[in-house]
Number of protein chains: 2
Amino acid sequence: MPNFDTVNRRLLAELQRNARQTNRELARIIGTAESTCLERVRLLHADGIITGHHTEVDLPAIGRPVQAIIGVRLSPKTRAAVDEFRSLALSLPETLAAFHTAGGDDFLVHVAVPGTGALDSLVLDRLAAHRAVAELRTTLVYEHLRRRPVEPLL
Amino acid sequence: MPNFDTVNRRLLAELQRNARQTNRELARIIGTAESTCLERVRLLHADGIITGHHTEVDLPAIGRPVQAIIGVRLSPKTRAAVDEFRSLALSLPETLAAFHTAGGDDFLVHVAVPGTGALDSLVLDRLAAHRAVAELRTTLVYEHLRRRPVEPLL
DNA sequence: ACTGAAAACAACTAAGG
DNA sequence: CCTTAGTTGTTTTCAGT
């Protein structure tokens, strides 16, 4: 069972801030020996706490300054329809993330596109075209804010 | 202005898959000399294409298996109300991300909590307690799927 | 852009406290 | 968990092609 003591909490926080620090720097910041730091990080990996390290790219800088959240209701709400729509959503290069949800909407799809024209054609030509899509609601995103670090609760 | 040739596209894709590869591995995968690879990555950083490297943690493994999206309508929709709510949302340790949106909802708040009890008290005691919050709609998330790599469009 | 080589730095291992 | 020391491997820079 994982151990969320102060050292591990600070390691997780630091690695979320910057995943490419050397073990030396990490150990210095956390205040442990390098050997201890290395072992802790390996253990966090082995325990499945750390699942990966990912480079973040600036969306406007890669030509995708416009973001939207698209709420989708399916009909019928069968497993086949859900599985098909999930595949569709994840196959689109415009998609950043998709949420399969309980409630009013069956999916929320978070997309980033070059402009409002691309958004319009994405929604109408690619999403609305799917046979199980009963209703679409597109919401423009002014700001996408992340809270980091993600911390263990309790 | 950035150059999204094949080499840079593959670098961005590989680094999003695994941000902790050695420059050696990266160069081997991409098929360039190490010196070229190193220079390209540095340039992507300098050009603001790469904004950081972040470790990802497993939410269930850190005691936060339940996710929800909370739609929030504010009243009045003044700048002060928006600024206050943004601060509130980002101050909560349960928050993963917040979207400031145009349309029906003013904010969508993505949270991860230990259980449904924690979700209920988060919504009622922390969010609904804010004076500018006019309406809240909580949607449970069954699946949170990410599309990676995020690619330049066009 | 690639190659090769040298210097600096970091990772990793292992033994002992 | 820390320290030390030794080995290996990587990064980084700088020639030259």
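Just so it is clear: chains get the letters A, B, ... in the order the sequence lines come, proteins before strands, and each one is counted from 1. Note that the structure is predicted; figures quoted are calculated from it, not measured.
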Stepwise salt bridge (Lys or Arg N to Asp or Glu O under 4.0 Å) test for A:Glu14 and A:Arg17: CA-CA 5 Å; A:Glu14 266 305 313; A:Arg17 195 180 66 72; 3.0 Å; yes
Stepwise side-chain contact (heavy atoms from CB on, under 4.5 Å) check, A:Thr95 with A:Val111: CA-CA 4 Å; A:Thr95 297; A:Val111 301; 4.2 Å; yes
Stepwise side-chain contact (heavy atoms from CB on, under 4.5 Å) check, A:Arg40 with A:Asp5: CA-CA 11 Å; A:Arg40 289 291 194 113; A:Asp5 62 7; 3.0 Å; yes
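Positionally, the nearest nucleotide of DNA chain D for A:Arg40 lies more toward the 5' end than for the other of A:Arg40 and B:Arg24. If you find the closest nucleotide of DNA chain D to A:Glu39 and to A:Arg20, the one lying nearer the 5' end belongs to A:Glu39.
Between the CG atom of B:Leu43 and the CD atom of B:Glu39 there is a distance of 7.0 Å, given to the nearest 0.5 Å. B:Leu90 contributes atom CG, which lies 5.0 Å from atom CG of A:Leu145 (distance to the nearest 0.5 angstrom). The line from CZ of A:Arg20 to CD of B:Gln21 is 9.0 Å long, rounded to the nearest 0.5 Å.
Counting only distance, with no hydrogens or angles, the side chain of A:Arg73 and the backbone of A:Glu135 share no donor-acceptor pair below 3.5 Å.
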Dump the pairs, protein N or O against N or O of nucleotides 12-17 of chain D, anything under 3.5 Å, distances to one decimal.
unit_1	atom_1	unit_2	atom_2	d
D:dT13	OP2	B:Arg42	NH2	2.6

Secondary structure of DNA chain C in dot-bracket form (Watson-Crick or G-U wobble, distances below 3.5 Å, | marking inter-strand pairs): ||||||.||||||||||
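The side chain to side chain donor-acceptor pair (under 3.5 Å) test with B:His54 singles out one residue from A:His53, A:Glu56, A:Gln16, and that residue is A:Glu56.
When DNA chain C is scanned in the 5' to 3' direction for atoms under 4.0 Å from non-hydrogen atoms of chain B, the outermost contacting nucleotides are C:dA1 to C:dT3.
Electrostatic pairing of B:Asp105 and A:Arg137 does not count as a salt bridge here, judged by no charged N lying under 4.0 Å from a carboxylate O.
B:Gln21 places its CD atom 19 Å from the P atom of D:dG9, with the value rounded to the nearest Å.
In this structure, B:Phe85 and B:His130 have perpendicular ring planes: the angle between them is above 60°, well past the 30° mark.
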